[in-house]
2 protein chains.
Amino acid sequence: MRLSTKGRYAARLMLELALHYGKGPMLLRDVAEREEISEKYLGQLVAPLKAAGLISSSRGAHGGYALANAPKDISLCEIVQAVEGNLALVECVHSPKICSRVNSCVTRDIWGRLSERLTEELESISLQDIVYQHRRKQSAQPLTYTI
Amino acid sequence: MRLSTKGRYAARLMLELALHYGKGPMLLRDVAEREEISEKYLGQLVAPLKAAGLISSSRGAHGGYALANAPKDISLCEIVQAVEGNLALVECVHSPKICSRVNSCVTRDIWGRLSERLTEELESISLQDIVYQHRRKQSAQPLTYTI
DNA sequence: GTAATCACTACTAATTTAATAGAATTAGTA
DNA sequence: TACTAATTCTATTAAATTAGTAGTGATTAC
């Protein structure tokens, strides 16, 4: 029950855009370098994020990507959902037709409620929260070199 | 971020054993028939469940499987964990060594806390709870044939 | 001793994941 | 207009995972 790289990388991509918020579009190349993720692979993740209205892009020279809204108005849930699809822990929760047992299957109900709880948790975390936690953690980090 | 058939089938297998609790060992063949799951595949799931101390088995004629403890004393968390391994949403939470960024990566902290919340939710659901909900649902079910 | 049952191991087809590669499109600027 | 920098789109692929199937061996009740 692991989150794939899509969701994980999308979260890191969005964090970089949030850290750059208000400073114009950010190059995908820079995001890729800072997060040590393949630029080409990130290139595939921005499409669904844009389709979901979470980021905007400008092409050509001096182009790049920027958050479509303020960090406080973007939830982690939206980010993960954009790249991973619905967050149901089992497929039958969203696609009842795939199983003939849905009407009698109590485990489906349980997985459904758990999926809702998980979604609520993800909704409660905003990109702004992640920025705060990142800044706090950065300032607590020891330097990686000695003077 | 889906639960695999291992976790889902294990939950259904354990529910059948719980419904049969106190009536001696239950044949895997009967579990397979009632739940419409391949008996051979279920045969692979019982090994980790037994290793985790959740079920006991008796071999030979009149053998079968039974819960090792009362349904109220077995949590859904134990069942899923037995067959799926640890419930971390991302691998680096339990295996920090696989990524050099763990010390500075704030998203790892977030996935870690979410994994904990999910684990708590699963711990709060006992097999007895599932039996209750199953019985309630069964009695509310309309008959599948008309008189 | 034989039939019934669990136990163990090996194999496999299909799907998903995690990319890589390259051509096409768009926009700013000299 | 031509050039360059950037996103956008589509195809391909190697590796890993999933969801089984198959067969043989070990154990026990009768």
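Order of the sequence lines fixes the chain letters, A, B, ..., with proteins taken first and strands second; residue numbering starts at 1 for each chain.
- Residues forming a salt bridge (Lys or Arg N to Asp or Glu O under 4.0 Å) with A/Glu120 (at least two apart in sequence, or on another chain): A/Arg117.
- Between A/Glu39 atom CD and C/dA18 atom C1' the separation is 16 Å, expressed in whole Å.
- A 3.5 Å limit on both hydrogen-bonding distances identifies D/dT10 as the Watson-Crick or G-U partner of C/dA21.
- Regarding A/Arg12, its CZ atom lies at a distance of 14 Å from the C1' atom of C/dA18, rounded to whole Å.
- Proximity of a side-chain donor or acceptor of B/Ser139 to a complementary backbone N or O of B/Arg136 within less than 3.5 Å is detected.
- Residue-to-nucleotide proximity on DNA chain D shows that, of A/His62 and A/Ala47, the 5′-proximal contact is made by A/His62.
- Along DNA chain D, the nucleotide nearest A/Gln44 and the nucleotide nearest A/Ser57 are compared for position; the residue whose nucleotide lies closer to the 5' end is A/Ser57.
- Among the atoms of the strands shown, only primed sugar atoms or phosphate atoms (P, OP1, OP2) are found under 4.0 Å from some heavy atom of B/Gly64.
- Going from atom NZ of B/Lys50 over to atom P of C/dT5 covers 16 Å, rounded to whole Å.
- In terms of phosphate contacts, A/Ser38 brings no side-chain nitrogen or oxygen within less than 4.0 Å of OP1 or OP2 of C/dA19.
- Taking every side-chain heavy atom of B/Ser4 into account, D/dA19 is the closest of D/dA19, D/dT8, D/dA6.
- Of the nucleotides present, D/dT1 is the one that pairs with C/dA30 by Watson-Crick or G-U wobble criteria, both distances under 3.5 Å.
- B/Tyr9 has no side-chain polar atom (N or O) that falls below the 4.0 Å cut-off from OP1 or OP2 of D/dA19.
- Annotation: A/Arg2, atom CZ; neighbour count of heavy atoms from other residues, nucleotides and ligands within 6.0 Å is above 12.
- Put simply, OH on B/Tyr41 is 14 Å from C1' on C/dT12, counting in whole angstrom units.
- In this structure, A/Lys6 does not reach the C/dA19 phosphate: none of its side-chain N or O atoms is under 4.0 Å from OP1 or OP2.
- B/Lys40 places its NZ atom 13 Å from the P atom of C/dC8, with the value rounded to the nearest Å.
- The interatomic distance linking B/Asp30 (CG) with C/dT5 (C1') rounds to 12 Å, in whole Å.
- Rounding to whole angstrom units, CG of residue B/Leu27 and P of C/dA3 are separated by 18 Å.
- We find the CE-CG distance between B/Met1 and A/Leu87 to be 5.0 Å, quoted to the nearest 0.5 Å.
- Between C/dA7 and B/Arg59, no contact under 4.0 Å exists linking OP1 or OP2 to a side-chain N or O.
- Relative to the side chain of A/Tyr65, the nucleotides D/dT7, C/dG28, C/dC6 differ in distance, and D/dT7 lies closest.
- Heavy atoms from other residues, nucleotides or ligands lying under 6.0 Å from NZ of B/Lys72 number 12 at most.
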